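In what follows, a structure is listed as structure tokens, so that the remarks can point back to it.
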There are 2 protein chains.
Amino acid sequence: MTGLSASTVTVITNSLLERGALVAEAMSDFAGARRGRPQVRLSANPAHAAAAVIFLGLDTIEITLADYAGTVVASEVESTPTHELSANELTDAVISVLRRLLDRQGSGLAPLGRIAIGVEGIVDADGQTLLSSPVTGRSDVRLGQALENAFGASVEIANESNMIAEALRWKAPDRYGTDFASVLLSVGVGMGLYLNGKLFSGVRSSAVEFGHTCYKPDGALCRCGRRGCIEAYAGLQAIWRTATGGDQSKMPSQDLPENALELLMAKARGTDGPERHAFREAGNAIGIGLSNLFTMFDPIPLVFTGPGAAGLDLMMESIKAALAKTSYGLPVTVSIIDSYPDYRALIREGGLMRALVFLDHTMPGLGEIRERAALPD
Amino acid sequence: MTGLSASTVTVITNSLLERGALVAEAMSDFAGARRGRPQVRLSANPAHAAAAVIFLGLDTIEITLADYAGTVVASEVESTPTHELSANELTDAVISVLRRLLDRQGSGLAPLGRIAIGVEGIVDADGQTLLSSPVTGRSDVRLGQALENAFGASVEIANESNMIAEALRWKAPDRYGTDFASVLLSVGVGMGLYLNGKLFSGVRSSAVEFGHTCYKPDGALCRCGRRGCIEAYAGLQAIWRTATGGDQSKMPSQDLPENALELLMAKARGTDGPERHAFREAGNAIGIGLSNLFTMFDPIPLVFTGPGAAGLDLMMESIKAALAKTSYGLPVTVSIIDSYPDYRALIREGGLMRALVFLDHTMPGLGEIRERAALPD
DNA sequence: CTACTTTTTTCGATCCTCGAAAAAAAGAGG
DNA sequence: CCTCTTTTTTTCGAGGATCGAAAAAAGTAG
């Protein structure tokens, strides 16, 4: 992969082994009983560092702890009314869960080197401050600094959709290639976008706010305060609003029954009533949004994740209809459309990979090496 | 800039000078009469190669010839009814103009190394075939291959908006930085997009088809065959259609008076009638489109070019109004909005730079060097 | 003409990388 | 248990890129 010869690889890996940090000789001796001198298997050294992944959802704090080799060593989900907490209370809640998890591990785990946080909402460009998120009513929550002070580990906060795209990129690089989009269908409508083999993110802030792209000028009121956003038609609360004939000029209700999505899907699948219409409208909004995207750059593989992906069948027809409208007679064909409802697992995996890759890139001594060689990221 | 030491630069430039190709010692001895040993000024060697830039517009073929140092040596504009020609006739017309220009230069010019073509429309990913363009009714015009056969120089066809962005990047790198967008307001509405210091283009085809992004679902009919595109409100013919109360469900008229834009602007500036309303509507479409873009990635400097930029004052209010609608209370402020009506000059300059940079990158012998060093593009 | 200033070039040293050769670590077979 | 074969790893010397220090060059200032 690097283009280096075997002899050079020896020199480099030996110097890494001597430092005893990143790389360790893997004991897994499943050599496979082949002839010849067996290969020396190297692995990431679990003792090099530890990483934490935090998912911050509405009323949910989920924390996963892993070693540098990527093995998950602990995990915990805590229910807290995030929306009722002040910025400081929310920060403290996160700190206490993570501290409990770390204490339980004792000295068996390497020191925590990086914390990756996935959250719905908008994060500043440095990935340190939560500018705006439906998880908390507060803005400018300086979670990054607080966690860094508490644990001495650097922090990255990122939009959950970016984490999902990252996970898919690692899980199935062959299937999705260097360019694909993941669409998260939940209360919000998010997108993670990989272009040219790199996560596409804002110039200053972090997220590709696909859900707040305008579908109908002066259309339905969105949670964000604007009108006509895709999310104002395709978010869970918006689908509920459309299906129940709610006023489109008022904010969609936050108080949905626990199983709102299941109720909507059941009715929509049963009869061709307002529920089915609501899903169609959601599909149309998503389809137009995707069509606009594919007008800017060509069609790329799509992955739908999140609870809403369970209702994809109810939206697919209108999504495809919107995509089928061609410009100058040039066809728009999307080669791959996948559904992957378990978005929480993807956020865990994507967040972990981001944290681990960060640890790779901040290996002690790398600074001097990079300075000399002017290596790319 | 490269980070190399002066001694290394000596070695490299000397090897280039020995080959006598790319680099030559500049005779311009404007040393400035300073003390000490005078610097050796190097320049691109004009005799290394020549480049041609072709602008293919509606009823217009414009060709510019330049040497490797970037000096324009000849230029010609030819009026031809491009729309009435077959694919072969169009190709032949271009070839004959370029051949005439080259013949006139005689042996004074280095051999033609690269041809860059800027055109409105959609080009295939290789930049060889015109898939669809309003300049010609035909599709799949294999202009690249034909010119390469005729002149033995490699060819790149690109969307004119990309050329414009490229030119701005070279003209004022400090002002526009690594991220900016140029919006071309003409018969069509185009965009050139620089992101992360690189021209953003489609994964497969070439252009950022901003103008064919959907503004109003099921809205006015566009030249492209779809409904509600930005261009169906902000293209010149579309503004004319709106101002004259034309049927929005029919294609906009192709037969506009020569000075249609001037007529519209004069009336719009005079009275608050249908003309002014048409510009407002155009501004709104552009504004919503830009707002969507800035929702995906943060606000970046904007440059408006093309004849329509002369009417920017009539659209600015509604553009800014659309941009001002905030999401989650986060402000959208565009730091720089420039107007640069002479788009033809920009296409010439941008095309020339692309051609010259290509020649840099295909310098004889570079292949082996790059193979060894695994250099980036 | 000499002193000074500034830039370029030369030179030896260092580091990275490679291919060929040597060494190592296993299984296969007697 | 020993030797042969196979496969991988490692060592070693060579080549090339790059650098800093020193030397040379090419001017101006007086």
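These numbers come from the heavy atoms of this one structure, side chains and all, not from hydrogens, waters or symmetry mates. Residue numbers begin at 1 in each chain, while the letters A, B, ... track the order of the sequences. Keep in mind that this is a model prediction, so the values were computed, not measured.
Distance from the side chain of B:Pro38 is smallest to D:dG27 among D:dT10, D:dG27, C:dT8. Across C:dT17, D:dT28, D:dA21, the shortest atom-to-atom separation from the side chain of B:Ser7 is found for D:dA21. Nearest to the side-chain atoms of A:Asn14 among the listed nucleotides C:dT10, D:dT9, D:dT11 stands D:dT11. The listed nucleotides are D:dT6, D:dC19, D:dT9; the one nearest the side chain of A:Arg35 is D:dT6. Side-chain atoms of A:Ala6 lie closest to D:dT10 of the nucleotides D:dT18, D:dT10, C:dA25.
Map A:Gly36 and B:Val9 each onto its nearest nucleotide of DNA chain D; the residue landing nearer the 5' end is A:Gly36. Both B:Val11 and B:Gln39 lie near DNA chain C, and the one whose nearest nucleotide falls closer to the 5' end is B:Gln39.
Taking CG of A:Leu147 as the reference point, atom CD1 of A:Ile54 lies at 5.5 Å (rounded to 0.5 Å). Separation of atoms CG (B:Leu199) and CE (B:Met163) is listed at 9.5 Å; rounding is to 0.5 Å.
Looking at heavy-atom distances under 4.0 Å, A:Val40 makes contact with sugar-phosphate atoms alone, never a base.
Look at CG on A:Leu4: it is 16 Å from C1' on D:dT9, rounded to the nearest Å. Rounded to an integer number of Å, the gap from B:Arg37 CZ to D:dA23 P is 16 Å. Taking atom CD1 of B:Ile12 as the reference point, atom P of C:dT9 lies 13 Å away to the nearest angstrom. The nearest whole Å value for the distance from the CZ atom in B:Arg41 to the C1' atom in C:dT7 is 13 Å.
Checked for salt-bridge contact, A:Glu156 and A:Arg354 meet the test: a charged N lies under 4.0 Å from a carboxylate O. Under the 4.0 Å criterion applied to side-chain N and carboxylate O atoms, B:Arg41 and B:Glu25 are not assigned as salt-bridge partners.
With sequence neighbours excluded, no residue satisfies salt bridge (charged side-chain N to carboxylate O under 4.0 Å, His left out) with B:Arg37.
For A:Thr8 and A:Ser5, the side-chain atoms include at least one donor-acceptor pair closer than 3.5 Å. A donor-acceptor contact closer than 3.5 angstrom is absent between the side chains of B:Tyr194 and B:Asn162.
B:Thr10 has a side-chain polar atom (N or O) that falls below the 4.0 Å cut-off from OP1 or OP2 of C:dT9. Regarding contacts with the backbone of C:dT17, every side-chain N or O of A:Thr8 stays at 4.0 angstrom or more from both OP1 and OP2.
Fit an axis to the five pairs at each end of the helix from C:dC1-D:dG30 to C:dG30-D:dC1 and the two axes sit 10° apart, to the nearest 10 degrees.
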